[in-house]
Amino acid sequence: MSALRLKKGASKKSAYDLKDPNADVIETHTLACIVDNEAGVLARVIGLFSGRGYNIDSLTVAEIDKEGHMSRVTIVTTGTPAVIEQIKAQLGRIVPVHEVHDLTVEGDSVERELALFRVHGTGDHRVEALRLADIFRANVVDSTLESFVFELTGTPDKIDAFADLMRPLGLGRIARTGVAALSRGK
Amino acid sequence: MTRQMTGANMIVQALKDQGVDTVFGYPGGAVLPIYDAIFQQNDIRHILVRHEQGAVHAAEGYARSTGKPGVVLVTSGPGATNAVTGLTDALLDSIPLVVLTGQVPTFMIGTDGFQEADTVGITRPCTKHNWLVKDTDKLSGVIHEAFHVATSGRPGPVLIDIPKDVQFANGTYTPKGKVATGHYKPTVKGDIAAITELAEMIEKAERPIIYSGGGVINSGKGASQLLRELSNETNFPITSTLMGLGAYPASGDNWVGMLGMHGLYEANMAMHDCDLMINIGARFDDRITGRLDAFSPNSKKVHVDIDPSSINKVVHVDLPIIGDVGHVLEDLLKVWKSRGRKTNKGALQQWWSQINEWRAKKCLSYTPSETIIKPQYALERLEALTKGMDRYITTEVGQHQMWAAQYLGFEDPNRWMTSGGLGTMGYGLPASVGVQIAHPDALVVNVAGEASWLMNMQEMGTAIQYRAPIKQLILNNERLGMVRQWQELLHGERYSHSWSESLPDFVKLAEAFGCKGIRVSDPSELDAAIQEMLDYDGPVIMDCLVEKHENCFPMIPSGAPHNEMLMGDASTQDAIGSTGAVLV
Ligand SMILES: Cc1ncc(C[n+]2csc(CCOP(=O)(O)OP(=O)(O)O)c2C)c(N)n1
Ligand SMILES: [Mg+2]
């Protein structure tokens with residue numbers, strides 16, 4: 001039937017070389033987990049990602065139900081479709097995780113992030129920064145004679161775009177919250 | 001009916017409520033109040049081990065052989081860190097354990113106090129779940145929840161870290177039934193539409209194989225019974241992973257032997273060539289699949305598993321069924337019977353004649369010797385001399401472990417305790433202690449390699465203290481045999497550090513511990529030596545000197561597919577290609 005012996009030097013592929021048929025398809029998914037707000041729960045979620053080699057692009061967490069001690073963890077992650085499925089299954093296995101939602105596939109959702117930008121400049125740059133901030137509907141939350149702090153809420157793309165525009169105008173430090181997301185309607 | 005009591009008394013009370021009869025442990029400063037509470041009662045027996053790793057493996061042996069969770073009690077700091085290997089072992093083999101660790105008092109946590117370690121941090125990745133209890137009022141609730149988590153769904157080890165002040169303080173005891181076990185309720189019933197689809201596949205399959213695993217054992221005796229029924233009623237061949245041995249009896253007609261890296265030729269060939277693979281409670285481990293892109297290329301694959309994360313983790317399956325294998329098998333048999341108990345008998349007959357051709361290769365044959373004991377021969381003789389006995393086998397890790405799996409037959413579940421997922425040398429001796437404590441009158445044999453055995457040999461002291469008549473059958477090749485085999489196969493026979501130049505005299509060691517020692521090196525004296533070991537009413541260490549250079553075959557070299565097995569007579573040099581060599 002089949003070879004009992006291996007030819008000497010026969011070349012064999014290692015299982016680690018094997019390509020997932022979808023390996024080239026890297027998707028970005030936004031996952032929302034409802035978890036017990038107890039000590040160490042975030043460490044469990046993060047430990048899962050680091051321990052199994054998954055990516056975290058963004059992570060936000062805050063308590064959403066004080067009485068029930070529940071928090072919502074929003075994670076933006078990337079991976080092949082198979083890896084995304086594994087991530088969801090593994091998250092679901094964590095004992096204090098009650099629900100796992102893949103907002104990317106569960107219909108429409110809204111995603112927002114809040115960012116603060118400090119922009120240094122005087123003269124024309126200062127005027128241009130203010131004008132662009134107005135177009136992006138960013139608020140000025142602090143100002144000195146040489147700087148502004150803008151507050152901007154929007155999708156991560158919008159925040160990236162604003163940062164790109166501010167860079168030549170004297171962009172200093174940025175603080176971003178990471179994505180909070182919710183499905184529409186329902 | 002709630003009651004006030006100290007945390008320490010609460011722990012003992014909660015264990016009693018959970019039906020615990022045995023605790024494996026080792027005392028220290030941070031658990032003294034609990035030991036004091038244990039001292040003042042007689043319902044729970046405490047087994048004093050010699051090392052905390054031993055406590056955890058003993059509890060695993062207890063759990064695996066009884067189907068009940070194993071319980072461990074250790075102190076903070078080094079007590080807890082010594083338990084880590086055992087916890088990881090239990091996690092990978094899905095063994096239910098509840099491990100209680102002492103901790104420095106709450107007001108000292110974070111100060112680098114004496115014997116303080118971040119136990120929940122260290123053990124988070126090697127437990128199914130863990131808790132740090134800072135409030136005595138919550139202690140009994142957490143303990144009851146811990147038993148629920150450890151034993152439901154896919155079982156596993158859990159750990160409760162209990163600061164010393166929480167043990168001393170008074171609190172309100174909440175009895176077992178009064179505790180909300182939380183939202184943790186894994187699905188046990190399988191989807192009936194999927195089960196019906198499987199019944200249809202069973203009716204049509206031409207070359208089916210049942211591939212069963214440790215999940216069947218974990219599901220309980222009923223699941224093994226149903227598995228037997230499925231195979232016997234359909235006449236489907238059945239193979240099993242290392243962890244699943246005994247679920248289907250080795251003497252059963254449809255048994256084609258263990259599969260995987262050191263599995264039987266017929267089992268692996270049947271896996272490769274089948275058209276329907278029914279995975280019941282196994283997880284497509286890399287020891288089983290071999291090269292993934294060549295794994296059973298032409299089959300429809302069905303996977304029954306209680307853990308949704310096992311589905312499609314490494315092998316994409318055509319039909320997943322999430323549920324407890326016992327429940328799913330019961331429903332499957334009902335559906336299949338109600339549809340008229342059909343199978344494709346003609347095709348099955350051809351498939352069996354193909355399998356019988358593979359069987360005829362006699363892949364387990366080896367070159368016998370009249371001068372040296374072959375390890376395979378030693379196990380054949382153990383098998384023959386214990387035939388018909390209700391026998392429990394544990395093993396260490398290495399060649400001897402694989403030979404034990406190949407040459408011993410298991411007729412029932414819960415009789416075979418081995419470290420599968422983690423491959424922990426030093427597992428077998430403490431596990432055999434745990435098994436013997438649970439089954440005081442049964443024959444318990446640890447099939448060991450000399451190197452593994454030395455890793456936890458201190459547990460002989462435990463066996464002697466508790467008069468546990470465990471039999472340690474050391475297949476002594478004076479080598480780290482499995483390492484030596486790999487060095488021969490893929491490192492140009494450069495035997496780097498794969499033997500120890502000074503082994504103890506195992507017979508004198510037996511005497512030093514206070515048990516019986518037997519040495520045998522002549523094949524003609526082997527039977528008498530084994531019989532002497534079996535007949536002796538107490539623990540025995542048997543130093544069985546075996547061939548030093550024997551290799552374990554058949555073998556699927558790493559990076560090779562199932563149908564490219566190395567057999568006993570094959571040339572083994574350079575058998576593994578350079579890309580396969582990076583695999584373990
Ligand atoms: C704790 C631990 N360390 C190292 C290994 C790697 N290892 C696997 S088998 C083996 C040799 C085992 O030797 P022995 O117990 O004498 O068994 P044999 O293979 O000779 O039968 C080693 C070192 C392991 N599995 N576990
Ligand atoms: Mg050895």
Side-chain angles (χ1 to χ4, degrees), chain A residues 1-23 33-36 38-54 65 68-70 79-100, chain B residues 120-121 124-125 128-132 134 145 149 153-154 158 182-184 186 265 269 272-273 286 289-294 307-314 316 354 357-358 361 554 557-567 569-583:
Chain A
M1 186 68 210
S2 304
L4 279 181
R5 291 153 192 263
L6 284 180
K7 278 170 245 108
K8 280 200 175 184
S11 96
K12 286 173 297 299
K13 278 194 242 160
S14 147
Y16 294 119
D17 296 340
L18 301 177
K19 289 249 159 45
D20 173 341
N22 292 316
C33 307
I34 309 298
V35 305
D36 286 323
E38 60 181 33
V41 66
L42 193 58
R44 288 180 208 283
V45 171
I46 294 172
L48 171 72
F49 279 76
S50 62
R52 293 188 184 260
Y54 306 143
D65 173 1
H69 297 291
M70 306 291 273
T80 62
V83 166
I84 302 278
E85 284 310 308
Q86 248 314 283
I87 292 175
K88 288 189 268 180
Q90 293 290 352
L91 283 169
R93 224 152 74 110
I94 299 176
V95 172
V97 170
H98 292 237
E99 298 169 34
V100 179
Chain B
V120 286
R124 203 174 280 130
K128 187 174 170 187
H129 194 57
N130 61 15
W131 295 261
L132 168 65
K134 289 183 171 175
E145 191 187 344
V149 171
R154 179 176 180 173
V158 300
H183 67 103
Y184 184 74
Y265 179 69
M269 290 301 287
H272 188 268
D273 283 5
D286 57 70
T289 59
R291 193 173 119 191
L292 271 177
D293 70 344
D307 178 2
S309 77
S310 285
I311 308 280
N312 293 334
K313 184 168 63 181
V314 279
H316 179 83
Q354 169 65 78
E357 259 174 54
W358 290 326
K361 286 256 188 296
S558 43
H562 274 168
N563 59 348
E564 288 181 23
M565 295 195 83
L566 293 174
M567 304 295 265
D569 58 350
S571 152
T572 50
Q573 257 186 294
D574 299 324
I576 298 179
S578 55
T579 42
V582 302
L583 296 169

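Numbered from 1 within each chain, the chains take letters A, B, ... in sequence-line order.
- Counting all heavy atoms, side chain and backbone alike, His129(B) lies closest to Pro96(A) at CE1-CD, 3.3 Å.
- Comparing Asp307(B), Ile311(B), Asn312(B) by how many heavy-atom pairs each has under 4.5 Å with chain A, the most go to Asp307(B).
- Between the CD1 atom of Ile46(A) and the CZ atom of Arg124(B) there is a distance of 10.0 Å, given to the nearest 0.5 Å.
- Under a 3.5 Å cut-off, the side chain of His183(B) and the backbone N or O of Val95(A) do form a donor-acceptor pair.
- Here the closest heavy-atom approach between residue Ser309(B) and residue Arg93(A) is recorded as OG-CD, 3.2 Å.
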Next on the checklist: Is there a side chain to side chain contact (heavy atoms under 4.5 Å, CB included) between Gln86(A) and Val314(B)? Walk through the geometry before answering.
Outcome noted: CA-CA 10 Å; Gln86(A) 248 314 283; Val314(B) 279; over 6 Å; no
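- The side-chain heavy atoms of Ile94(A) and Lys128(B), taken from C-beta on, include no pair separated by under 4.5 Å.
- Distance check, rounded to the nearest 0.5 Å: CD of Gln90(A) to OG of Ser310(B) gives 8.0 Å.
- For Glu85(A), no part sits under 4.5 Å from any heavy atom of chain B, backbone or side chain.
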